[in-house]
Amino acid sequence: MGQKITIKILDRKFPLVAESPEQEREIREAAEKVDGKYREYLHRFPGKSAVEILSFVALNGFVRIAELEKEMEMHEKDMESLHARLRSYLEDIGKKDSR
């Protein structure tokens with residue numbers, strides 16, 4: 001069972017449960033980022049409703065997640081390629097040693 005915590009976003013309190021101190025830190029940091037991004041967009045888009053601004057915040061976050069997922073896929077492909085090249089290299093060395 002986790003620890004009960006309370007975070008604030010836009011001056012509203014939300015009770016949550018954190019399963020570890022690390023998760024609590026991550027939740028608190030995420031809440032601060034949401035709050036900060038909201039306030040940034042509030043100044044950039046005056047006259048927009050809270051729902052519209054929070055929609056921009058969510059969209060911004062998910063765009064960043066998509067970018068990071070694509071970057072991870074590229075790194076995984078690079079890693080697979082390096083592993084294949086390393087296996088091939090080691091096999092070549094093994095063939096030379098067995099002669």
Side-chain angles (χ1 to χ4, degrees):
M1 182 128 202
Q3 178 170 336
K4 294 179 181 179
I5 63 171
T6 301
I7 61 167
K8 275 178 64 173
I9 299 175
L10 309 179
D11 299 323
R12 290 185 175 187
K13 293 182 180 184
F14 298 92
L16 299 171
V17 175
E19 296 301 326
S20 67
E22 181 178 286
Q23 187 183 40
E24 177 181 356
R25 181 183 52 77
E26 292 167 351
I27 290 170
R28 291 189 187 285
E29 287 176 4
E32 287 176 15
K33 288 179 182 181
V34 168
D35 207 54
K37 204 49 115 164
Y38 176 87
R39 294 184 195 295
E40 176 188 327
Y41 286 156
L42 185 63
H43 292 292
R44 285 176 58 187
F45 305 107
K48 296 290 182 185
S49 71
V51 170
E52 290 173 311
I53 293 173
L54 286 172
S55 296
F56 289 141
V57 171
L59 179 62
N60 178 271
F62 279 100
V63 165
R64 184 66 180 131
I65 288 169
E67 292 169 350
L68 291 172
E69 286 174 343
K70 186 175 182 180
E71 192 174 318
M72 281 178 45
E73 288 175 11
M74 289 174 26
H75 288 306
E76 287 172 0
K77 287 178 183 176
D78 288 344
M79 189 173 63
E80 289 171 6
S81 174
L82 285 172
H83 281 168
R85 290 172 52 200
L86 179 60
R87 272 193 305 275
S88 176
Y89 176 76
L90 292 174
E91 287 172 4
D92 287 347
I93 290 175
K95 289 177 186 175
K96 289 178 185 177
D97 286 345
S98 64
R99 291 183 195 168

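The first residue of the sequence shown is numbered 1, and numbering continues consecutively from there. Scope of the values below: all heavy atoms of this structure, side chains included, with no hydrogens, waters or symmetry mates.
Note on V57: it clusters hydrophobically with F14, by side-chain heavy-atom contacts below 4.5 Å among ILVMFWY residues.
For Y38, the ring-ring contact (aromatic ring centres under 6.0 Å, His included) test picks out no residue, with sequence neighbours left out. A search for salt bridge (Lys or Arg N to Asp or Glu O under 4.0 Å) contacts involving E80 returns nothing, not counting sequence neighbours. Partners of L16 under the side-chain contact (heavy atoms from CB on, under 4.5 Å) rule, at least two apart in sequence or in another chain, are I5, I7, I27. Among residues two or more places apart in sequence or in another chain, the salt bridge (Lys or Arg N to Asp or Glu O under 4.0 Å) test is passed with R12 by none.
Applying the side-chain hydrogen bond (donor to acceptor under 3.5 Å, both in side chains) test to residues at least two apart or on different chains, the pairs with a partner in residues 41-62 are E40-R44, Y41-N60, S49-E52. Screening residues 47-74 for ring pair (Phe, Tyr, Trp, His ring centres under 6.0 Å) gives F45-F56 as the qualifying pairs, with residues at least two apart or on separate chains. Among pairs with a residue in residues 65-78, those fulfilling side-chain hydrogen bond (donor to acceptor under 3.5 Å, both in side chains) read R64-E67, at least two apart in sequence or across chains. The side-chain hydrogen bond (donor to acceptor under 3.5 Å, both in side chains) analysis of residues 17-27, with sequence neighbours excluded, yields the pairs E24-R28, R25-E29.
We find the CZ-CD1 distance between R39 and I53 to be 10.5 Å, quoted to the nearest 0.5 Å.
Taking Ile, Leu, Val, Met, Phe, Trp and Tyr as members and joining any whose side-chain heavy atoms lie under 4.5 Å apart, directly or through other members, the hydrophobic cluster of Y89 also contains L86, L90, I93. Cluster partners of M74: none. The rule joins Ile, Leu, Val, Met, Phe, Trp and Tyr whenever side-chain heavy atoms lie under 4.5 Å apart, and it links nothing here.
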Take R85 and L82 through the test side chain to side chain contact (heavy atoms under 4.5 Å, CB included) and record every step on the way to the result. CA-CA 5 Å; R85 290 172 52 200; L82 285 172; 3.9 Å; yes
